[in-house]
There are 2 protein chains.
Amino acid sequence: MLMPTTVSAITSQSTRVACASCALQTHCFTQRLDTEVLDVIEKSISTRRVARGTYAYRLCEPFNALYFIHQGFFKNVVLNEDGQEFITGFPMPGDVLGLDGCADGYYRSQSIALQDSTLCEISFETLNDLSFNYPPMQQILHRIMSREISRNQKSMLMLGNLPAEERLLAFLQELSQQFAMRGMSTNDFDLPMSRDDIAGYLGLKMETVSRAFTKLHTVGLIHVHRRRVRIDAVSTA
Amino acid sequence: MLMPTTVSAITSQSTRVACASCALQTHCFTQRLDTEVLDVIEKSISTRRVARGTYAYRLCEPFNALYFIHQGFFKNVVLNEDGQEFITGFPMPGDVLGLDGCADGYYRSQSIALQDSTLCEISFETLNDLSFNYPPMQQILHRIMSREISRNQKSMLMLGNLPAEERLLAFLQELSQQFAMRGMSTNDFDLPMSRDDIAGYLGLKMETVSRAFTKLHTVGLIHVHRRRVRIDAVSTA
DNA sequence: CGCGAAGTTGATTACTATCAATCTGAGTGG
DNA sequence: CCACTCAGATTGATAGTAATCAACTTCGCG
């Protein structure tokens, strides 16, 4: 029987386990987790609510857990010396937060909730135990991290080569694909992030993003009103 | 006794082991590897030469090993649908090649030698065995991958925000730092890559890179002649 | 010496950032 | 219910930066 995924229900054990296993399987759909492993996860996982505008984790905080997103959207931010912020991604349900903290034991970026959200927290210690007792788990973790690496590389490609309008369209199509993987509406959706956030992600300025939206709308590739977007273009990817 | 690291010497076991352990320790300098682990590595590692201009691994090839660079420089390339290439990094001795292949079992990028180079190859199978029998190993791998993630994020920040000249200077300083970590000359060195490669990495065109070099030279921040570079600027990072 | 690849320089065009004004819609309180 | 407010978004004019196209230079090499 499916549990409703309302906020009040997320504290129940079954949903908590469902969240973590679902998250892991989102990334590694070729594998199914043993019930034995699910038991371990069940004992060690904890949920956490993150209000809109607050942090899942902050820069320089000690790293001691990974977070699987249950509900809501986030933005990952890195800061340069001047305090100027640059957005490296918009993780969504099923994604993992905090992978970059693994390297040196503290976070090199921070993650902010774009909506009221809920996370499933698995301590790094638990993950190590899991990997030790259940070898496939380490492969799963490697895959998750590897996927993050190739996703970032793809973003870099987009940033470096495409003009503003194509860059925005590519972004919208990428978003649409991610929605599709999660069974959400793919061609007609609300953007969870502001124009400024999109600009920060695409390496553009807010005004340029706004103009690009208008242009794509005008030529008929998309329909857009504020944060509501409908994609009419056929994906070229 | 130190073995000379000439090309003719790399086939000896001791040097081969030294290469892998050194590479691992470059990434995880807080940890020292057990002699027991070194034995396992010694048995399973193999060396491979890669001539200038040839591939360490190619796009879409099946993933079955990681490569530690022993000698030489490489460029990592991702291609978009149009076949346009974009360079995501310039790995050097001690760095690991092929991390992105882990996700789906085949490479999503390719790596080309900029000089005649030598690699140490460890099969993924061996790595899994190692992780299983020697738990700290998996933490080491996580760190290596995590480091790759945060390095890519840093690159994205640079790409998105800085004007051409600052971008080039930041690139040179990053390169200098990496040389420093390897005990190589930090302020006076030969670039292993062409102007076009730098342009591909920085998201610029070759001509723009060339102009930026000239400008930095003119204002006295660096001295440059062809691929020879001397950095006179004090790093701001 | 001549050739070709890599690099430099110049003139022009195209694009994005910047600065500034305006618009829109959600939330607030009278 | 309506005016008020304010953050987010849009639009316009202009300046600044990088891309493009093209000519030329430098250097290594047979």
Side-chain angles (χ1 to χ4, degrees), chain A residues 52-53 73 75 80 82 84-87 90 112 114-116 157-172 190-219 222-230, chain B residues 52-53 73 75 80 82 84-87 90 112 114-116 157-172 190-219 222-230:
Chain A
R52 178 194 153 107
F73 290 83
K75 59 173 179 179
N80 65 4
D82 311 330
Q84 197 177 17
E85 73 175 29
F86 185 74
I87 292 164
F90 298 104
I112 301 169
L114 294 171
Q115 305 169 347
D116 293 344
L157 187 138
M158 192 168 79
L159 275 177
N161 287 318
L162 300 177
E165 287 156 28
E166 294 174 37
R167 208 179 292 189
L168 178 60
L169 188 59
F171 167 72
L172 292 174
D190 279 306
L191 294 170
M193 73 292 284
S194 71
R195 297 286 189 268
D196 223 4
D197 289 337
I198 297 174
Y201 179 65
L202 297 179
L204 300 168
K205 294 296 166 185
M206 187 188 53
E207 295 93 328
T208 307
V209 171
S210 182
R211 281 182 236 275
F213 265 116
T214 306
K215 186 66 185 296
L216 291 175
H217 181 112
T218 307
V219 299
I222 65 171
H223 181 278
V224 59
H225 180 70
R226 310 293 267 182
R227 295 201 180 182
R228 190 82 194 166
V229 172
R230 193 182 70 225
Chain B
R52 179 194 152 106
F73 290 83
K75 60 173 180 180
N80 66 2
D82 311 330
Q84 197 177 17
E85 73 175 29
F86 184 74
I87 292 164
F90 298 104
I112 302 170
L114 294 170
Q115 306 169 346
D116 293 343
L157 187 138
M158 192 169 78
L159 275 176
N161 287 319
L162 299 177
E165 287 156 29
E166 295 174 37
R167 208 179 293 189
L168 178 60
L169 189 58
F171 167 71
L172 292 174
D190 279 306
L191 294 170
M193 73 293 282
S194 71
R195 297 284 189 270
D196 222 3
D197 290 335
I198 296 174
Y201 179 66
L202 296 179
L204 301 168
K205 295 295 166 185
M206 187 188 51
E207 295 93 326
T208 306
V209 170
S210 181
R211 280 182 237 274
F213 265 116
T214 306
K215 186 66 184 295
L216 291 176
H217 182 110
T218 306
V219 299
I222 64 172
H223 182 279
V224 59
H225 179 69
R226 309 293 267 182
R227 295 201 180 181
R228 189 81 194 167
V229 173
R230 193 183 70 225

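For the numbers below, each heavy atom of this structure counts, side chains included, while hydrogens, waters and symmetry mates do not. Sequence lines set the chain letters: A, B, ... in the order given, protein chains first and strands last, and positions in each chain run from 1.
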### Query
Can you tell me how far C1' of C/dG7 sits from CD1 of B/I198, to the nearest Å?
11 Å

### B/R228 atom CZ, neighbour heavy-atom count above 12 within 6.0 Å
yes

### Task
Report the distance from atom CZ of A/R167 to atom P of D/dA18, rounded to the nearest whole Å.
13 Å

### Message
Do B/L191 and B/L172 make a side-chain contact, defined as non-hydrogen atoms from C-beta onward lying under 4.5 Å apart?
### Response
yes

### Query
If you look at every strand shown and take non-hydrogen atoms under 4.0 Å, does B/H225 touch a base, only sugar-phosphate, or nothing?
sugar-phosphate

### Task
Could you state the atom-to-atom distance from NZ of A/K205 to C1' of D/dG16 in whole Å?
14 Å

## Note on the structure
Between B/R167 and B/L202 the two heavy atoms that sit nearest each other are NH1-O, 2.8 Å

### Task
Determine: side-chain N/O of B/T208 to OP1/OP2 of D/dA18, distance under 4.0 Å, yes or no.
no

#### Entry: Nearest-nucleotide comparison on DNA chain C, the residue closer to the 5′ end among B/R195 and A/A164
B/R195

### Query
Taking N and O atoms by type only, does the side chain of A/E165 place a donor or acceptor under 3.5 Å from a partner on the base of C/dC15?
no

### Straight-line distance of B/M193 CE to B/Y201 OH, nearest 0.5 Å
9.0 Å

### Task
Would you indicate whether A/R227, at its atom CZ, is surrounded by more than 12 heavy atoms from other residues, nucleotides or ligands within a distance under 6.0 Å?
yes

### Query
Is the phosphate of D/dT11, meaning OP1 or OP2, less than 4.0 Å from a side-chain N or O of A/T214?
yes

### Task
Return yes if the base of C/dG25 and the side-chain atoms of A/R227 contain a donor-acceptor N/O pair under 3.5 Å, otherwise no.
no

#### Entry: Length of the line joining A/L216:CG and D/dT10:P, which is rounded to integer Å
12 Å

### Message
Expressed as a whole number of angstroms, how long is the span from A/E207:CD to C/dC23:C1'?
### Response
15 Å

### Query
Rounding to a whole Å, what distance do you find between A/K215:NZ and C/dT16:P?
10 Å

### Task
Return the 5'-most residue of the pair A/M193, B/L204 with respect to DNA chain D, ranking by each residue's nearest nucleotide.
A/M193

### Task
Check the distance between C/dT8's P and B/L168's CG and give it to me in whole angstrom.
11 Å

### Task
May I ask you to evaluate whether B/R226 reaches the phosphate of D/dT26, defined as a side-chain N or O under 4.0 Å from OP1 or OP2?
no

### Query
Would you say the base of C/dG7 and the side-chain of B/R211 have a donor-acceptor pair closer than 3.5 Å?
no

### Query
Over how many whole Å does the gap from A/F213 atom CZ to D/dG8 atom P extend?
16 Å

